[in-house]
Amino acid sequence: MPRELMKEKRERAIAIAQRMDEHFPAAECALHYWGDPFKLTIAVLLSAQTTDRGVNKVTPALWERYPTPQALANADVNEVEEIIRTIGFHHAKAANCVKCARMVISDFGGEIPQDMTLIQKLPGVGRKTANVVLNEAFGIVEGIAVDTHVFRIAHKLKLVGPSADTPQKTEDALLKLYPRQYWGPINHQWVLFGRQICIARRPKCAECFLSDLCPNSGK
DNA sequence: ATCCCGAGGG
DNA sequence: CCCTCTGGAT
(Lines give C-alpha, C1' and ligand atoms only; values in the text may rest on other atoms or scores of the structure.)
Protein backbone atom coordinates (compact mmCIF):
# COMPACT_ATOMS: atom_id res chain seq x y z
CA MET A 1 0.00 0.00 0.00
CA PRO A 2 1.30 3.51 -0.89
CA ARG A 3 2.53 5.52 2.04
CA GLU A 4 -0.07 8.28 1.66
CA LEU A 5 -2.93 5.79 1.73
CA MET A 6 -1.45 4.08 4.74
CA LYS A 7 -1.19 7.41 6.53
CA GLU A 8 -4.83 8.22 5.75
CA LYS A 9 -5.93 4.84 6.95
CA ARG A 10 -4.05 5.21 10.21
CA GLU A 11 -5.48 8.67 10.83
CA ARG A 12 -8.98 7.35 10.32
CA ALA A 13 -8.22 4.45 12.64
CA ILE A 14 -6.99 6.82 15.34
CA ALA A 15 -10.06 9.02 14.89
CA ILE A 16 -12.24 5.96 15.35
CA ALA A 17 -10.38 5.01 18.53
CA GLN A 18 -10.82 8.51 19.93
CA ARG A 19 -14.55 8.47 19.23
CA MET A 20 -14.79 5.08 20.95
CA ASP A 21 -13.02 6.59 23.93
CA GLU A 22 -15.42 9.51 24.10
CA HIS A 23 -18.44 7.27 23.80
CA PHE A 24 -17.29 4.50 26.14
CA PRO A 25 -15.06 6.24 28.71
CA ALA A 26 -13.44 4.02 31.33
CA ALA A 27 -14.92 0.88 29.82
CA GLU A 28 -13.85 -2.21 31.68
CA CYS A 29 -14.40 -5.93 31.69
CA ALA A 30 -18.07 -6.77 32.19
CA LEU A 31 -17.19 -10.00 34.00
CA HIS A 32 -16.79 -10.08 37.77
CA TYR A 33 -13.71 -11.05 39.77
CA TRP A 34 -11.13 -9.22 37.74
CA GLY A 35 -9.12 -8.89 40.94
CA ASP A 36 -8.31 -12.62 40.99
CA PRO A 37 -6.47 -13.89 37.91
CA PHE A 38 -7.62 -17.47 38.37
CA LYS A 39 -11.27 -16.56 38.82
CA LEU A 40 -11.13 -14.16 35.93
CA THR A 41 -9.63 -16.83 33.69
CA ILE A 42 -12.41 -19.25 34.54
CA ALA A 43 -15.04 -16.53 34.10
CA VAL A 44 -13.73 -15.60 30.65
CA LEU A 45 -13.46 -19.27 29.71
CA LEU A 46 -17.09 -19.75 30.74
CA SER A 47 -18.21 -16.72 28.77
CA ALA A 48 -17.36 -18.13 25.33
CA GLN A 49 -20.44 -17.70 23.15
CA THR A 50 -22.66 -16.98 26.14
CA THR A 51 -23.59 -13.74 27.84
CA ASP A 52 -21.62 -11.97 30.54
CA ARG A 53 -24.88 -11.83 32.48
CA GLY A 54 -25.21 -15.59 32.44
CA VAL A 55 -21.64 -16.02 33.65
CA ASN A 56 -21.97 -13.44 36.39
CA LYS A 57 -25.06 -15.33 37.53
CA VAL A 58 -23.33 -18.68 38.06
CA THR A 59 -19.86 -17.71 39.28
CA PRO A 60 -20.89 -16.66 42.82
CA ALA A 61 -22.16 -20.19 43.51
CA LEU A 62 -19.09 -21.66 41.83
CA TRP A 63 -16.67 -19.73 44.05
CA GLU A 64 -18.72 -20.37 47.15
CA ARG A 65 -18.44 -24.11 46.54
CA TYR A 66 -14.83 -23.99 45.23
CA PRO A 67 -13.04 -20.96 46.70
CA THR A 68 -9.54 -21.91 45.53
CA PRO A 69 -7.86 -23.51 42.51
CA GLN A 70 -7.06 -26.48 44.75
CA ALA A 71 -10.74 -26.91 45.68
CA LEU A 72 -11.78 -26.78 42.03
CA ALA A 73 -9.02 -29.20 41.10
CA ASN A 74 -10.54 -31.72 43.51
CA ALA A 75 -14.08 -31.11 42.31
CA ASP A 76 -16.46 -33.63 40.81
CA VAL A 77 -17.08 -32.50 37.22
CA ASN A 78 -20.76 -33.42 37.40
CA GLU A 79 -21.20 -31.14 40.38
CA VAL A 80 -19.51 -28.27 38.55
CA GLU A 81 -21.73 -28.89 35.56
CA GLU A 82 -24.76 -28.72 37.79
CA ILE A 83 -23.69 -25.29 39.08
CA ILE A 84 -23.07 -23.81 35.63
CA ARG A 85 -25.95 -25.62 33.92
CA THR A 86 -27.74 -22.42 32.87
CA ILE A 87 -25.00 -21.19 30.54
CA GLY A 88 -24.18 -22.45 27.07
CA PHE A 89 -21.71 -25.26 26.38
CA HIS A 90 -21.78 -26.12 30.05
CA HIS A 91 -20.74 -29.74 29.57
CA ALA A 92 -17.39 -29.02 27.96
CA LYS A 93 -16.86 -25.94 30.09
CA ALA A 94 -17.32 -27.82 33.36
CA ALA A 95 -14.68 -30.30 32.28
CA ASN A 96 -12.36 -27.49 31.20
CA CYS A 97 -12.78 -25.65 34.52
CA VAL A 98 -11.60 -28.64 36.49
CA LYS A 99 -8.79 -29.43 34.04
CA CYS A 100 -7.66 -25.82 34.23
CA ALA A 101 -7.54 -25.92 38.00
CA ARG A 102 -5.60 -29.19 37.94
CA MET A 103 -3.09 -27.85 35.45
CA VAL A 104 -2.66 -24.63 37.43
CA ILE A 105 -1.86 -26.72 40.48
CA SER A 106 0.32 -29.33 38.80
CA ASP A 107 2.17 -27.24 36.20
CA PHE A 108 2.03 -23.61 37.29
CA GLY A 109 2.44 -23.62 41.07
CA GLY A 110 -1.17 -22.67 41.76
CA GLU A 111 -1.06 -19.42 39.78
CA ILE A 112 -2.19 -18.39 36.30
CA PRO A 113 1.04 -17.93 34.32
CA GLN A 114 1.72 -14.39 33.11
CA ASP A 115 2.81 -15.63 29.72
CA MET A 116 0.95 -15.69 26.43
CA THR A 117 2.19 -19.13 25.42
CA LEU A 118 1.87 -20.84 28.79
CA ILE A 119 -1.57 -19.49 29.61
CA GLN A 120 -2.93 -20.92 26.35
CA LYS A 121 -1.90 -24.39 27.45
CA LEU A 122 -4.89 -24.27 29.80
CA PRO A 123 -7.80 -26.16 28.24
CA GLY A 124 -10.49 -23.82 26.95
CA VAL A 125 -8.14 -20.84 27.00
CA GLY A 126 -7.34 -19.64 23.50
CA ARG A 127 -5.70 -16.47 22.31
CA LYS A 128 -8.73 -14.26 22.88
CA THR A 129 -9.13 -15.34 26.50
CA ALA A 130 -5.37 -15.12 27.02
CA ASN A 131 -5.31 -11.52 25.82
CA VAL A 132 -8.19 -10.56 28.10
CA VAL A 133 -6.65 -12.16 31.18
CA LEU A 134 -3.16 -10.79 30.59
CA ASN A 135 -4.60 -7.34 30.01
CA GLU A 136 -7.19 -7.31 32.75
CA ALA A 137 -5.56 -9.28 35.54
CA PHE A 138 -1.88 -8.47 35.03
CA GLY A 139 -1.88 -5.22 33.11
CA ILE A 140 0.12 -6.89 30.36
CA VAL A 141 -0.99 -5.64 26.96
CA GLU A 142 0.60 -8.00 24.49
CA GLY A 143 -2.08 -8.08 21.84
CA ILE A 144 -5.70 -7.39 20.99
CA ALA A 145 -8.46 -9.79 21.98
CA VAL A 146 -10.27 -10.51 18.72
CA ASP A 147 -13.75 -11.86 19.36
CA THR A 148 -16.65 -11.92 16.90
CA HIS A 149 -17.34 -8.22 17.56
CA VAL A 150 -13.81 -6.96 16.97
CA PHE A 151 -13.57 -9.12 13.87
CA ARG A 152 -16.82 -7.85 12.42
CA ILE A 153 -16.17 -4.19 13.26
CA ALA A 154 -12.61 -4.17 11.92
CA HIS A 155 -13.88 -5.45 8.61
CA LYS A 156 -16.93 -3.24 8.43
CA LEU A 157 -14.87 -0.12 9.08
CA LYS A 158 -12.33 -1.44 6.56
CA LEU A 159 -9.49 -1.13 9.04
CA VAL A 160 -8.26 -4.51 7.84
CA GLY A 161 -8.23 -5.98 4.35
CA PRO A 162 -10.24 -8.93 3.06
CA SER A 163 -7.21 -11.19 3.48
CA ALA A 164 -7.51 -10.81 7.26
CA ASP A 165 -9.98 -13.68 7.25
CA THR A 166 -9.05 -15.23 10.60
CA PRO A 167 -8.99 -13.77 14.12
CA GLN A 168 -5.20 -14.05 14.21
CA LYS A 169 -4.68 -12.25 10.90
CA THR A 170 -7.15 -9.59 12.02
CA GLU A 171 -5.26 -9.13 15.26
CA ASP A 172 -1.94 -8.84 13.41
CA ALA A 173 -3.40 -6.22 11.08
CA LEU A 174 -4.81 -4.20 13.97
CA LEU A 175 -1.53 -4.41 15.87
CA LYS A 176 0.26 -2.89 12.88
CA LEU A 177 -2.41 -0.26 12.41
CA TYR A 178 -2.65 0.95 16.00
CA PRO A 179 0.13 2.20 18.29
CA ARG A 180 0.43 0.16 21.46
CA GLN A 181 -1.41 2.60 23.71
CA TYR A 182 -4.63 1.93 21.78
CA TRP A 183 -4.57 -1.85 22.13
CA GLY A 184 -5.99 -2.15 25.65
CA PRO A 185 -9.11 0.00 25.25
CA ILE A 186 -10.06 -1.79 22.01
CA ASN A 187 -10.69 -4.96 24.01
CA HIS A 188 -13.49 -3.36 26.01
CA GLN A 189 -14.84 -0.54 23.89
CA TRP A 190 -15.33 -2.41 20.64
CA VAL A 191 -17.33 -5.13 22.32
CA LEU A 192 -19.71 -2.54 23.77
CA PHE A 193 -19.92 -0.84 20.40
CA GLY A 194 -20.64 -4.18 18.73
CA ARG A 195 -23.36 -5.10 21.17
CA GLN A 196 -25.09 -1.76 21.45
CA ILE A 197 -24.70 -0.12 18.04
CA CYS A 198 -22.86 -2.06 15.34
CA ILE A 199 -24.97 -5.17 15.97
CA ALA A 200 -24.21 -8.09 13.70
CA ARG A 201 -27.20 -8.31 11.38
CA ARG A 202 -28.98 -5.07 12.16
CA PRO A 203 -26.55 -2.26 12.84
CA LYS A 204 -28.05 0.98 14.14
CA CYS A 205 -26.31 3.18 11.60
CA ALA A 206 -28.76 6.05 12.10
CA GLU A 207 -27.62 6.54 15.68
CA CYS A 208 -23.99 5.51 15.17
CA PHE A 209 -21.29 7.96 16.28
CA LEU A 210 -18.94 6.56 13.62
CA SER A 211 -21.21 6.74 10.57
CA ASP A 212 -19.17 9.52 8.95
CA LEU A 213 -16.03 7.41 9.31
CA CYS A 214 -17.61 4.15 8.15
CA PRO A 215 -17.38 3.09 4.50
CA ASN A 216 -20.28 0.71 5.11
CA SER A 217 -22.67 3.00 6.95
CA GLY A 218 -26.24 2.05 6.13
CA LYS A 219 -25.25 -1.30 4.63
C1' DA B 1 -35.38 -16.25 14.89
C1' DT B 2 -30.95 -14.23 16.51
C1' DC B 3 -27.35 -13.35 19.45
C1' DC B 4 -24.22 -13.86 23.37
C1' DC B 5 -16.63 -10.77 25.30
C1' DG B 6 -14.64 -18.79 21.43
C1' DA B 7 -12.02 -22.99 21.43
C1' DG B 8 -10.77 -27.34 19.74
C1' DG B 9 -10.98 -31.04 16.69
C1' DG B 10 -11.30 -33.41 12.09
C1' DC C 1 -11.54 -24.72 6.14
C1' DC C 2 -15.28 -26.86 8.24
C1' DC C 3 -17.92 -28.47 12.15
C1' DT C 4 -19.61 -29.01 16.93
C1' DC C 5 -20.60 -27.66 21.48
C1' DT C 6 -25.35 -25.16 24.53
C1' DG C 7 -29.05 -22.59 27.32
C1' DG C 8 -31.01 -18.16 28.23
C1' DA C 9 -32.63 -13.56 26.87
C1' DT C 10 -35.00 -10.66 23.64
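Values below: every heavy atom of this structure, side chains too, minus hydrogens, waters and symmetry copies. None of the values given here were measured: they were computed from a predicted structure. Naming: A, B, ... by sequence-line order, numbering from 1 per chain.
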I want to verify a distance call: between [options], whose nearest atom is closest to the [X] side chain?
| X | options | answer |
| --- | --- | --- |
| Thr148(A) | dC3(B), dT6(C), dG6(B) | dG6(B) |
| Thr86(A) | dA7(B), dG8(C), dT6(C) | dG8(C) |
| Phe89(A) | dC5(B), dT6(C), dT2(B) | dT6(C) |

Quiz item: In residues 149-165 of chain A, which residues come under 4.0 Å of DNA chain B by heavy atom?
Solution: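 Only His149(A) qualify.
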Self-check item: Nucleic acid contacts - residues 41-64 of chain A versus DNA chain B, non-hydrogen atoms under 4.0 Å
Solution: Ser47(A), Ala48(A), Gln49(A), Thr50(A), Thr51(A), Asp52(A)
Practice problem: Rounded to whole angstrom, note down the C1' distance from dC5(C) over to dC3(B). | Solution: 16 Å
Quiz item: Given the C1' atoms of dC4(B) and dT6(C), what is the spacing between them in whole Å?
Solution: 11 Å
Quiz item: side-chain hydrogen bond (donor to acceptor under 3.5 Å, both in side chains) with Asn187(A): which residues, sequence neighbours excluded?
Solution: none
Practice problem: Return the set of residues passing side-chain hydrogen bond (donor to acceptor under 3.5 Å, both in side chains) with Lys158(A) (not counting sequence neighbours), or none when no residue passes. | Solution: none
Return all side-chain donor-acceptor pairs below 3.5 angstrom for residues 96-112 of chain A, not counting sequence neighbours, or 'none' if the list is empty.
from, atom 1, to, atom 2, distance (Å)
Arg102(A), NE, Ala73(A), O, 2.8
Arg102(A), NH2, Ala73(A), O, 3.4
Ser106(A), OG, Arg102(A), O, 2.9

Nearest whole Å is fine: how far is [N] [atom2] from [X] [atom1]?
| X | N | atom1 | atom2 | answer |
| --- | --- | --- | --- | --- |
| Leu192(A) | dC5(B) | CG | C1' | 9 Å |
| Ile199(A) | dC5(B) | CD1 | P | 12 Å |
| Ile83(A) | dT6(C) | CD1 | P | 17 Å |
| Asn187(A) | dG6(B) | CG | P | 12 Å |
| Glu81(A) | dC5(C) | CD | P | 14 Å |
| Ile87(A) | dG6(B) | CD1 | P | 12 Å |
| Arg127(A) | dG8(B) | CZ | C1' | 17 Å |
| Phe193(A) | dC4(B) | CZ | P | 13 Å |

Quiz item: How would you label the contact of Gly88(A) with the nucleic acid (heavy atoms, under 4.0 Å): base, sugar-phosphate, or nothing?
Solution: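 Counting heavy atoms under 4.0 Å across all strands, the contact made by Gly88(A) includes a base.
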Exercise. Specify the residue among Arg202(A) and Asp147(A) whose closest nucleotide of DNA chain B lies further upstream toward the 5′ end.
Key: Arg202(A)
Practice problem: Assign each of Gln120(A) and His188(A) to its nearest nucleotide of DNA chain B by heavy atoms, then name whichever residue's nucleotide is nearer the 5' end. | Solution: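 Looking at DNA chain B, the more 5' nearest nucleotide goes with His188(A).
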Quiz item: Phosphate oxygens OP1/OP2 of dG7(C): is one of them under 4.0 Å from a side-chain N or O of His90(A)?
Solution: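 So the side-chain polar atoms of His90(A) do come within 4.0 Å of the phosphate oxygens OP1 or OP2 of dG7(C), strictly under.
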Quiz item: Does Arg195(A) make a side-chain N or O approach to OP1 or OP2 of dC3(B) shorter than 4.0 Å?
Solution: no
Less than 4.0 Å between a side-chain N and a carboxylate O, is that true for [Y] and [X]?
| X | Y | answer |
| --- | --- | --- |
| Lys128(A) | Glu171(A) | no |
| Arg127(A) | Asp147(A) | no |
| Glu22(A) | Arg19(A) | no |
| Asp52(A) | Arg195(A) | yes |

Quiz item: Can you list the steps and then say if Lys93(A) with Glu81(A) is a salt bridge (Lys or Arg N to Asp or Glu O under 4.0 Å)?
Solution: CA-CA 8 Å; Lys93(A) 285 173 181 175; Glu81(A) 186 172 354; over 6 Å; no
Name every donor-acceptor pair, under 3.5 Å, that has one atom in a side chain of residues 204-211 of chain A and the other anywhere in the protein, sequence neighbours excluded.
from, atom 1, to, atom 2, distance (Å)
Ser211(A), OG, Cys208(A), O, 3.3

Quiz item: Is there a side chain to side chain donor-acceptor pair (under 3.5 Å) between Asp172(A) and Gln168(A) once you walk through the steps?
Solution: CA-CA 6 Å; Asp172(A) 292 340; Gln168(A) 182 64 66; 3.0 Å; yes
Quiz item: For the side chain of Lys93(A) and the base of dC5(C), is some donor closer than 3.5 Å to an acceptor across the two?
Solution: no
